[in-house]
Amino acid sequence: MFSSIFSTASPAHSNAPNFHPVSSIHTPAKFFGTLESADTEWACPDGFAVETQIFYVFLDDGTYLIFQIIHSAMGVWYPTIQVACKLIDPRKQEKAWKSIKTTNFVTPPPGLDKRSSKADQFSITHKSHPGAEYPESYAVTANLGDDLQISLDVSRPASAPGFKVGQGPDGGYSYFGTNRDKPDGYVVHRFWPLCFAKGMTVRHGRAIPAEGQGMFVHAIQGMRADHVASRWNFAHFQSPRHGGVSAIQMEFTTTDTYGPTGAGSGHVTVNVGGLVLGGRLAAVTAETKWPNEEYRADGGVVSRAVHSKTARDTDTGYDVPTDIAFRWNGPSILPNAIPVQATIDATLTVDVGQPDAPKGLVEKVDVLGEIPTMVKTMVNYVAGTKPYVYQWLNPATPHINLPVELVPGLSQEAEVEGTLYNEATFIS
């Protein structure tokens with residue numbers, strides 16, 4: 001949620017397309033791009049950019065854990081590296097949140113590659129295990145203060161490979177600017193859609209075992225945040241049933257500046273997603289919604305987050321969702337898909353309540369309240385933004401349609417009980 005805040009002026013007006021979404025650059029047949037080792041290496045871009053690695057884990061005791069490293073470059077200033085951790089316990093109505101600036105950040109650490117990093121306050125070590133049931137893992141340790149430390153081993157199963165939308169080095173990228181070879185900026189996401197964590201958290205000196213399943217994402221915003229997007233949606237569903245079910249989405253809507261015919265044609269929505277069924281990566285989805293167009297009723301790959309009902313939040317001035325419908329529809333990439341063009345469809349709807357009577361609302365984050373005063377002042381002056389992130393955690397049951405016996409234990413129509421963490425971000 002934190003990004004660089006200074007940049008040059010918005011690009012001059014032109015009728016040429018100045019936004020090139022990943023969901024349109026690549027064809028549906030090539031949406032599934034396998035991650036290469038370089039895809040999850042730290043790039044540490046200069047200029048005005050933010051790079052992040054985030055682990056999201058549903059722990060077996062009902063707690064939800066978010067652990068994040070954020071590398072922020074702000075022009076001539078030396079990059080700032082933050083480590084943040086949030087623990088949410090809905091049963092006890094408790095949450096713990098720490099975010100601290102790190103010192104002596106290094107990537108790669110001695111003897112390792114740039115998939116690993118460390119600082120005085122944390123260490124993330126990537127390990128490869130070729131041919132094993134879990135071919136990749138991260139050892140994560142962090143000391144965020146006397147009241148919160150974590151130590152986790154996070155492993156990805158071979159049956160659920162990491163992915164990006166699109167193949168090759170261009171995979172995962174959406175580009176801003178008329179020239180894709182020399183873009184004004186870019187956004188890129190790489191995912192582990194299913195991983196398993198085991199270790200412990202230490203809260204106020206008490207060690208608590210931590211085990212569960214979740215996801216990992218490595219992302220870069222290669223441009224000032226208020227130029228990249230006006231809205232974001234994020235969905236992360238997990239269930240241990242049927243060998244592991246995961247449904248994830250990341251969606252953003254551009255500002256008015258970037259669109260199909262240059263400045264003033266923006267508000268393009270880009271969504272990328274993935275489905276894991278039976279512990280195996282089953283589908284990779286992506287969709288573009290161009291301005292002044294309706295979503296397709298049927299046909300083609302579907303990947304979208306629709307705020308089907310909204311209400312005005314008088315605290316923030318935004319029309320926020322009260323009901324959200326997430327949908328994934330695309331060809332199976334499972335090796336036993338018969339027929340070859342077998343299609344998987346999943347829909348997940350969630351009622352998050354009214355602004356004055358929310359359901360599962362973890363927090364309504366005033367982003368400007370989470371960054372230093374100097375930066376906060378510059379954001380208000382330069383960008384005129386009031387960014388808020390709404391975070392919810394609720395039980396959820398996606399409805400899944402798939403060919404008979406494509407996934408052992410799942411019938412042609414299945415409902416899978418699990419938990420959904422989702423975010424809706426409003427920037428401008």
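The model shown is predicted, which means the values in this text are computed figures rather than measured ones.
The ring-ring contact (aromatic ring centres under 6.0 Å, His included) check on Phe196 picks up nothing, with sequence neighbours excluded. For Asp147, the side chain to side chain contact (heavy atoms under 4.5 Å, CB included) test picks out Lys98, His204, with sequence neighbours left out.
Smallest separation of non-hydrogen atoms from Lys95 and Val362: NZ-O, 3.5 Å. Heavy-atom minimum distance, Leu334 versus Leu281: CD2-O, 3.5 Å.
Figure legend: Lys114 and Trp42 shown without cation-pi pairing, the cationic atom not lying both under 6.0 angstrom from the six-membered ring centre and within 45 degrees of its axis. A cation-pi arrangement is absent between Lys86 and Tyr64 under the rule of less than 6.0 angstrom and at most 45 degrees off the ring axis.
The stretch residues 38-54 participates, sequence neighbours left out, in these salt bridge (charged side-chain N to carboxylate O under 4.0 Å, His left out) pairs: Asp39-Lys164, Asp39-Arg190.
A donor-acceptor pair shorter than 3.5 Å can be found between the side chains of Ser23 and Thr288. A side-chain N or O of Gln82 and one of Ser99 form a donor-acceptor pair less than 3.5 Å apart. His307 and Asp319 are not linked by any side-chain donor-acceptor pair at a separation below 3.5 angstrom, with hydrogens and angles left out of the test. Side chains of Asp313 and Tyr390: a donor on one and an acceptor on the other come within 3.5 Å. Remark: the Thr253 side chain and the Thr269 side chain contain an N/O donor-acceptor pair separated by less than 3.5 Å.
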Applying ring pair (Phe, Tyr, Trp, His ring centres under 6.0 Å), run through Tyr258 and Tyr175 and close with a yes or a no. CA-CA 10 Å; Tyr258 291 95; Tyr175 296 102; over 10 Å; no
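By the 4.5 Å heavy-atom criterion applied to side chains, Thr285 and Asn329 are not counted as neighbours. Residues Gln238 and His236 are in side-chain contact: their nearest non-hydrogen atoms beyond the backbone lie under 4.5 Å apart. Side-chain contact between Leu348 and Phe237 is present, with heavy atoms from C-beta onward closer than 4.5 Å. For the pair Ser332/Ile344, a side-chain contact is recorded, criterion being any heavy-atom separation below 4.5 Å from C-beta on.
Using a 4.0 Å cut-off between a side-chain N of Lys or Arg and a carboxylate O of Asp or Glu, Asp351 and Lys309 do not qualify as a salt bridge. By the 4.0 Å N-to-carboxylate-O rule, Lys127 lies too far from Glu136 to be salt-bridged with it. Arg180 has a carboxylate O that lies under 4.0 Å from a charged side-chain N of Asp170, or vice versa, which qualifies the two as a salt bridge. Taking the charged nitrogens against the carboxylate oxygens, Arg296 and Glu287 do have a contact shorter than 4.0 Å, which makes a salt bridge.
Of the possible polar contacts, none joining the Glu417 side chain to the Ala396 backbone as a donor-acceptor pair under 3.5 Å is found. With Ser246 contributing its side chain and Pro193 its backbone, the two residues share a donor-acceptor pair below 3.5 Å. In this structure, the side chain of Ser128 does not engage the main chain of Pro130 through any donor-acceptor pair within 3.5 Å. The closest donor-acceptor contact from the side chain of Thr52 to the backbone of Ile69 lies under 3.5 Å. Within the 3.5 Å criterion, the main-chain N or O of Ser72 finds no donor-acceptor partner in the side chain of Thr80. A donor-acceptor contact shorter than 3.5 Å is absent between the side chain of Gln53 and the backbone of Phe216. A donor-acceptor pair is defined here as one N or O able to donate and one able to accept, closer than 3.5 Å; such a pair exists between the side chain of Gln149 and the backbone of Gly145.
Rounding to the nearest 0.5 Å places CH2 of Trp328 at 6.5 Å from CG of Leu275.
In summary, the aromatic rings of Phe163 and Phe191 are positioned with their centroids under 6.0 Å apart.
Ring geometry, Tyr388 versus Tyr318: the interplanar angle exceeds 60°, so the pair is classed perpendicular (tilted spans 30 to 60°).
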